[in-house]
Amino acid sequence: MVLVTAGATLAGLAAPVSAVPTATDGDAARVTDAWTDASRYEPGQPAEVTATVEGRGPVRFTLTHLGDVVDTGTVRADGAGEVTWTVTPPEQDFTGYLVEIEAGRTRTQTAIDVSSDWTRFPRMGFLAHYEPDISTAETEEDIAELSRRYHINSLQYYDWLWQHELPVRHDADGGVAEEWTAWNGDVISSRTIRDYIAAGDERGIAAMPYQMSYAALNDFDDPRVSPDWRLFRGNGEEWTYPMIPGQTLRLMNPANPGWQDFITGQYADSVQSLGFDGAHLDQIGYWEEVYDVNGERVDRPAGWAQLIAETQQRLGEDMAVGMNAVDGFGDAALAASDADYLYTELWANTETYGSVADYLQRQRVAAGGRSHITPAYMNRPNTGGAVNDNEVFDTASVQLANAMFAANGAHHLEMGPNDHMLNTEYFLNDDKSMSAELREWQRTYYDVITAYENLFYGPELAAADNTVEIAGYPTSTDGTANTVWTNVMRNDGVDVIHLINLLRNDDRWRDAGTRDPLSLRNLPVKYYLRDGQSAPAGIHVASPDRDGGRSAELPFRTGSDSGGRYVEFVVPQLDNWDFVYFDTTRDSGRPGGYDRPDTPSLTVTSPADQSTAQDRTITVTGETDADRVRVFAGDTEQTVRVSGGRFSVPLELAGLENTIDVQALSRDGSGAYTSRTVFAYGTPVGGLSDPEGDDNGPGSYVYPANGAFTPGSLDITRFQVYRDGDTVRLVTRVDGAITNAWSGDGMSVQRVNILLRDGAETGTAPTPALPGTNTATEGPWDLAVVADGRYQDQPLSLGVWDSALDRVAAAELDVVRATNDIVVTVPAEVFDGLDPATAGYQISMLSNAEPTEGIGLVRPVYSLEHWSELGNREFRFGGGAGEQTGDLPSRDTDTRDPNTIDVVTGERPQAEVLDWTGSSPVVLPFLPLQDMAG
């Protein structure tokens, strides 16, 4: 790792960064900020580093590569406010550097990227405004900001185009129009676009125009666009995508040679007319199988791969081409294509840390190590429910997500001018802002991912399976909740150990509500070497969380045990993310002073993990040889001294799912940690059980093929009622994972109808259940509690309804994913005259539908024959009766079969109760609650 220039000495190289001398207290100069004059430099190109300085005195600049000093210089500040240091980094291509600046006791930093091609280490940002009143000076300021603060080396020009099939508007004489109106009503100035491109060229920033790969806008009245290129749904309807009222995309066949020839000509015109540096292609995701004008199924991913090749040939080898694999759709074909970079908009398939890591690893292997850009919308509204109603980005969630992306070799597309961070797929949306803390962290983060790009990115990056142990703390290799994620990578022969602190947090990266991780001290790390792997010459640690990302060298020792040969070292501090990396070329002695701290013992004796409390007040007890214990529950923290090796802490459980974190701390700051999850729904009233594996209606129903309908996710296994103060809680547990593919309130697929009647009611005359179910109940019912995560402004959505189908009370919906519980909380007063303990209950599981898909927000079940036809099975249930039709409100030609996927039937077999072939509608029984404490 040692790079030597004329300005560096071997003595300087041997010293850790912390040993670089600082100026004395008497120096008046104070450095406050620093930046470079470009985002990317060609090999051999000099870089100008400017620092903002208050006062007068020497300002020291140090250029480092992975902790090794490459060059130094000192410039004296004369009170003018700024000083500039010009440095020419070594000519080695694709290399990152940290520039450390010190004056007196103050310090700051910036970074330099020497790369002849931006796609090797992409740091993509975005633009979204091109109005005529944006001046040339303002475009230069916007570009300068993105370069100085974030080292952005490429920009996606979002929604600049006139029409999707005709991006550039031309005048009658063939020249580029001065202005045009985009689909969203924005007025676009071609001069503004050119000014942005010119300003970016000055700073090494590529201009990548957003281009739609297979769509025409509205009526596509250009005679060159043939209606025979259109795509069609399985029912023969044209496939369209409405964006806003009056603006509809008409989807085209990307595999059609005529369309390919036409649209690549438009991409070329965009480059020639405005000066773009390539083409960034988009799509809208899978949705369903589609067909060409002749009724043949279209392989869209294969068509896109062809389109990429055609685009590159049309634009020339100096132009970059990439394409969005929306939620992974088409990812294999795009990875195998000639795209210069991979790009994936992350949605429901990758909502956890582990799923993102797995996806990026698969794509990296499939694409031969090409770079990956991931637009991932932090704290996106309507994705995480009310938790994402925040107006200010949740700092911890952004920090941990960005750590995840860098640790897995991807760049997170997130930043635009004026510190505009993306929170939705509509890049113009700026409803959320960054806190001052997050703005400062982001700047350091981008310094770090630029300076250490040779550790995080590149074609040689690969996942490694070395075992990592941290004494006293739970670890995971897949981003499991409440662990220190030890993500090990190997890049061009260098081992990199990423430590991402997920303690006190779940495994989901997008949502707000993330807690600040525990700040850990003196972590004893044991890293097992692979067979035949040599011990490193040196070990370094760095982090964007402290010291401006500067590298520090760690003492270490080697050893062996039953697990194999290892190196052992202590990480002084872990907040959000540290990365530890090996130096294989160090030419000086190893730093001494390795001293492994003693890890305290810790045992929590109560409560048990994954237990359900019978009361909201509990006591946490345990044993430890530590000095003190910290206990966290929600936003509360208690610290107690340990007496006689034991501790006891009373706690109030505030939520439904409560994580109790316990940390034992010794006097030197070393610690141990464990956690317990305790559920608190209230005082149990009673419940009912239901067999597993009967989510098939009368025995013949089959799920849709789409991955949103996870196996067992509609299979009721138990139902319980709780009283909690002035509320009643109804909890339905299912056997499979509950996902939220369509951004509902916690869930998208499930719909639970809970009908209640007075326990003294003896009537048995069949009474229609809720509309759309195609069922009746055995006697009258009084109240219906509906759990549904979507369309809450619609009739028969989430809430409490009376038998006249009027909403009588609102309800709160929570999904506890750890137990697959669907929890509905309603006011106790709504049960006036109806005792929840003695009432009769009828519990049915159906599937949510859009208002136009069926009656009462219920997804119909069709015949197996109809379901089996290509294009129907993706989002439809089969095994019942009838076919889909648009001519009836039910959207079903035969409504004799119940749309119930699972139902609690007590002693009677479900197949018998739901057998619609004898009589219809089927009649569902009411059942009294049983004693099911816990």
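Given the structure is predicted, the values throughout are model-derived calculations rather than measurements. All residue numbers in this chain count up from 1 along the given sequence.
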Presence of salt bridge, [Y] and [X], under 4.0 angstrom:
X: Glu425; Y: Arg380; result: yes
X: Glu883; Y: Arg876; result: no
X: Glu351; Y: Arg510; result: yes

Got more than 12 heavy atoms from elsewhere within 6.0 Å of [atom1], [X]?
X: Gln247; atom1: CD; answer: yes
X: Asp219; atom1: CG; answer: no
X: Trp183; atom1: CH2; answer: yes
X: Glu874; atom1: CD; answer: yes
X: Tyr426; atom1: OH; answer: yes

Exercise: do [X] and [Y] side chains pair donor with acceptor under 3.5 Å:
X: His372; Y: Tyr359; answer: no
X: Asp282; Y: Tyr210; answer: yes
X: Gln442; Y: Asp419; answer: no
X: Thr895; Y: Asn774; answer: no
X: His420; Y: Asp430; answer: no

Taking all heavy atoms of [X] and all of [Y], pick out the closest pair and write down the distance.
X: Ile284; Y: Trp239; value: CD1-CZ2, 3.7 Å
X: Pro254; Y: Met252; value: CD-O, 3.1 Å
X: Tyr862; Y: Arg891; value: OH-O, 2.7 Å
X: His129; Y: Ile134; value: O-CD1, 3.7 Å

So that I know where these two stand, are [X] and [Y] an aromatic pair - ring centroids less than 6.0 Å apart?
X: Trp867; Y: Tyr703; result: no
X: Trp304; Y: Tyr214; result: yes
X: Tyr196; Y: Trp160; result: no
X: Phe126; Y: Tyr158; result: no

Taking Thr264 as the fixed residue, which of Glu310, Arg314, Gln211 is the one that meets the side-chain hydrogen bond (donor to acceptor under 3.5 Å, both in side chains) rule?
Arg314
Decide yes or no on side-chain hydrogen bond (donor to acceptor under 3.5 Å, both in side chains) for Asn379 and Asn390, but give the supporting numbers first.
CA-CA 8 Å; Asn379 305 170; Asn390 51 312; 3.1 Å; yes
Fit a plane to each ring of Phe262 and Trp229, take the angle between them on a 0 to 90° scale, and name the class: parallel (under 30°), tilted (30 to 60°) or perpendicular (over 60°).
tilted
